[in-house]
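Reading through the structure tokens given below for one structure.
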2 protein chains.
Amino acid sequence: MAKTNPPFMSGVPELLILRLLGRQEMYGYELVRAVRVISNDAFDLAEGVVYPVLHGLEKKKFLKAKRKSIAGRNRVYYTVTVKGKKRMSELSGEWERVKGGIDSALGEQHG
Amino acid sequence: MAKTNPPFMSGVPELLILRLLGRQEMYGYELVRAVRVISNDAFDLAEGVVYPVLHGLEKKKFLKAKRKSIAGRNRVYYTVTVKGKKRMSELSGEWERVKGGIDSALGEQHG
DNA sequence: TATATTACCTATTTGTTCTAGGTATGATAA
DNA sequence: TTATCATACCTAGAACAAATAGGTAATATA
């Protein structure tokens, strides 16, 4: 039933989150919407995807979290560390490599 | 140690194999090399990746296998079924969607 | 008062890639 | 002859990330 391993999605949540947090600090719930927006509605990551990724990235020191109380709301804001920025450029390099490979494969003549 | 889940690789072996076999029948060992070629060396799938994918696709009726003896060699040739062709166009549609989403995200202005 | 929204969380399932082996045959080199 | 390399197939298990499907609690709105 569960379609848990959709094609081409590995690494995508991490990339999108690092990308967004590289622009400005954000909290999890906010990221869920922001992902839809920057991806032009291509991706709609559930909270159950976003939060575990955030925790994983924090554990690996790619992100730093700070709790804030704003407008009576308790939020966890995340920012990208230096290590996280390196990871981001590593990831986008990988993305370009993979994209190049697949587009090369799909672009070849039929027959 | 084992780097088993590299980013952006989910669905890639399946896509490449369906793509190659959509052009002409091939056997596993041959596919390993062909993948390197069409992907312009972006991908180098080990035999341990290719064979299980072939078996999985055959089980799902996306591929059909026939054993052949050629030049004193025993080989298993695969061809894409009608169902496999549908799967292929589904997959490449997904690829375009994901590519569009990520490129949209990465393309946005820095801030 | 009841419902919707905000905001956080995690356990479990799923399934795919990858590693790291292994077997057997035929061709080539020493 | 012997040893090595290339061909050609195979699988078990590890690793691991995404997705599902829940849950809690506070605030805002109907």
Side-chain angles (χ1 to χ4, degrees), chain A residues 1-18 25-35 39 42-60 62 65-78 87 91 94 98 101-102, chain B residues 1-18 25-35 39 42-60 62 65-78 87 91 94 98 101-102:
Chain A
M1 321 284 129
K3 200 180 110 190
T4 47
N5 285 52
F8 316 118
M9 283 305 289
S10 69
V12 170
E14 183 181 351
L15 184 78
L16 295 172
I17 286 169
L18 284 173
E25 67 173 13
M26 284 188 180
Y27 56 98
Y29 195 79
E30 188 182 11
L31 277 165
V32 170
R33 277 129 192 259
V35 160
S39 75
F43 306 118
D44 187 14
L45 305 183
E47 293 171 47
V49 172
V50 169
Y51 287 112
V53 170
L54 286 171
H55 301 155
L57 294 178
E58 192 194 357
K59 197 166 195 177
K60 286 176 193 157
F62 295 151
K66 41 186 142 156
R67 291 173 181 280
K68 285 190 189 180
S69 260
I70 291 182
R73 292 282 177 187
N74 249 8
R75 295 170 179 167
V76 186
Y77 280 84
Y78 291 90
R87 171 63 174 170
L91 263 189
E94 271 304 284
V98 168
I102 296 188
Chain B
M1 313 300 118
K3 200 179 111 192
T4 44
N5 282 53
F8 315 119
M9 283 305 289
S10 67
V12 170
E14 183 181 353
L15 184 77
L16 294 172
I17 286 170
L18 284 173
E25 67 172 12
M26 284 189 179
Y27 56 98
Y29 195 77
E30 189 183 10
L31 277 164
V32 169
R33 277 131 192 257
V35 159
S39 74
F43 307 117
D44 186 15
L45 304 182
E47 293 171 46
V49 172
V50 169
Y51 288 112
V53 169
L54 286 171
H55 302 155
L57 294 177
E58 192 194 357
K59 197 167 195 177
K60 285 176 193 157
F62 295 151
K66 40 185 143 157
R67 291 170 182 282
K68 286 190 189 179
S69 260
I70 291 181
R73 292 283 176 186
N74 249 8
R75 296 171 179 165
V76 186
Y77 280 83
Y78 292 89
R87 171 63 174 170
L91 263 188
E94 272 304 284
V98 168
I102 295 188

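Every chain is numbered from 1 and lettered A, B, ... according to where its sequence line falls, protein lines coming before strand lines. The analysis underlying the following values was restricted to heavy atoms, covering all of them including side chains, and did not include hydrogens, waters or symmetry mates.
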Where the side chain of B:Arg67 is concerned, which of D:dA19, D:dC10, D:dA17 is the nearest nucleotide? D:dC10
Could you write out each protein N or O paired with an N or O of nucleotides 3-6 of chain C at a distance under 3.5 Å?
unit_1 : atom_1 : unit_2  : atom_2 : d
C:dT6  : OP2    : A:Tyr29 : OH     : 3.3
C:dT6  : OP2    : A:Arg33 : NH2    : 2.6
C:dT6  : O2     : A:Arg73 : NH1    : 3.1

Any side-chain N or O of B:Tyr51 below 4.0 angstrom from OP1/OP2 of D:dC9? yes
So, is B:Lys60 near the phosphate of C:dG15, with a side-chain N or O under 4.0 Å from OP1 or OP2? no
So B:Leu15 and A:Pro7, do their side chains get closer than 4.5 Å, heavy atoms only? no
Rounded interatomic separation in angstrom, taking NZ from B:Lys59 and P from C:dT16: 12 Å
Mark yes or no for whether B:Ser10, through its side chain, and A:Phe8, through its backbone, hold a donor-acceptor pair below 3.5 Å. yes
With sequence neighbours excluded, tell me which residues meet side-chain contact (heavy atoms from CB on, under 4.5 Å) with A:Arg33. A:Tyr29, A:Arg36
By ring-ring contact (aromatic ring centres under 6.0 Å, His included), which residues pair with B:Tyr27, not counting sequence neighbours? B:Tyr77
Rounded interatomic separation in angstrom, taking CG from A:Leu16 and P from D:dA18: 10 Å
Paired stems touching DNA chain D, three or more consecutive Watson-Crick or G-U pairs with both distances under 3.5 Å? C:1-30 with D:1-30
Which residues pass the side-chain hydrogen bond (donor to acceptor under 3.5 Å, both in side chains) test with B:Glu14, not counting sequence neighbours? B:Arg87
Tell me what A:Pro6 touches on the nucleic acid: a base, only sugar-phosphate, or nothing, going by heavy atoms under 4.0 Å. sugar-phosphate
So B:Pro13, base contact, sugar-phosphate only, or nothing? Heavy-atom distance under 4.0 Å. sugar-phosphate
note: B:Phe62, atom CZ; C:dT16, atom P; distance rounded to Å ~ 10 Å
The criterion is side-chain hydrogen bond (donor to acceptor under 3.5 Å, both in side chains); which residues satisfy it with B:Glu47, sequence neighbours excluded? none
For A:Arg73, check side-chain contact (heavy atoms from CB on, under 4.5 Å) against everything at least two apart and list the hits. A:Arg75
Separation of B:Leu18 atom CG from C:dT16 atom P, in whole Å? 12 Å
Given atom CZ of A:Phe43 and atom C1' of D:dA19, what is their separation to the nearest angstrom? 15 Å
Measure OH/A:Tyr77 against C1'/C:dC8 and give the value in whole Å, please. 13 Å
Rounded to the nearest angstrom, tell me the gap between atom CE in A:Met9 and atom P in D:dA18. 8 Å
Describe the nucleic acid contact of A:Gly48 in one word from base, sugar-phosphate, nothing, applying a heavy-atom distance below 4.0 Å. base
Which residue lies more 5' along DNA chain D, comparing A:Ser10 with A:Ala71 via nearest heavy atoms: A:Ser10
Mind checking B:Gly56 for me? I need base, sugar-phosphate or nothing, with any heavy atom below 4.0 Å counting as a touch. nothing
Non-neighbouring partners of A:Glu25 that pass side-chain hydrogen bond (donor to acceptor under 3.5 Å, both in side chains), sequence neighbours left out: A:Lys68
The test is side chain to side chain contact (heavy atoms under 4.5 Å, CB included); show your working for A:Leu54 and A:Leu31 and say whether it passes. CA-CA 10 Å; A:Leu54 286 171; A:Leu31 277 165; 3.8 Å; yes
With a cut-off of less than 4.0 Å, is there a side-chain N or O of B:His55 near OP1 or OP2 of D:dT11? yes
Just the rounded figure in Å: distance from P of D:dC16 to CD of A:Glu14. 13 Å
ring-ring contact (aromatic ring centres under 6.0 Å, His included) partners of A:Phe62, counting only residues at least two apart: none
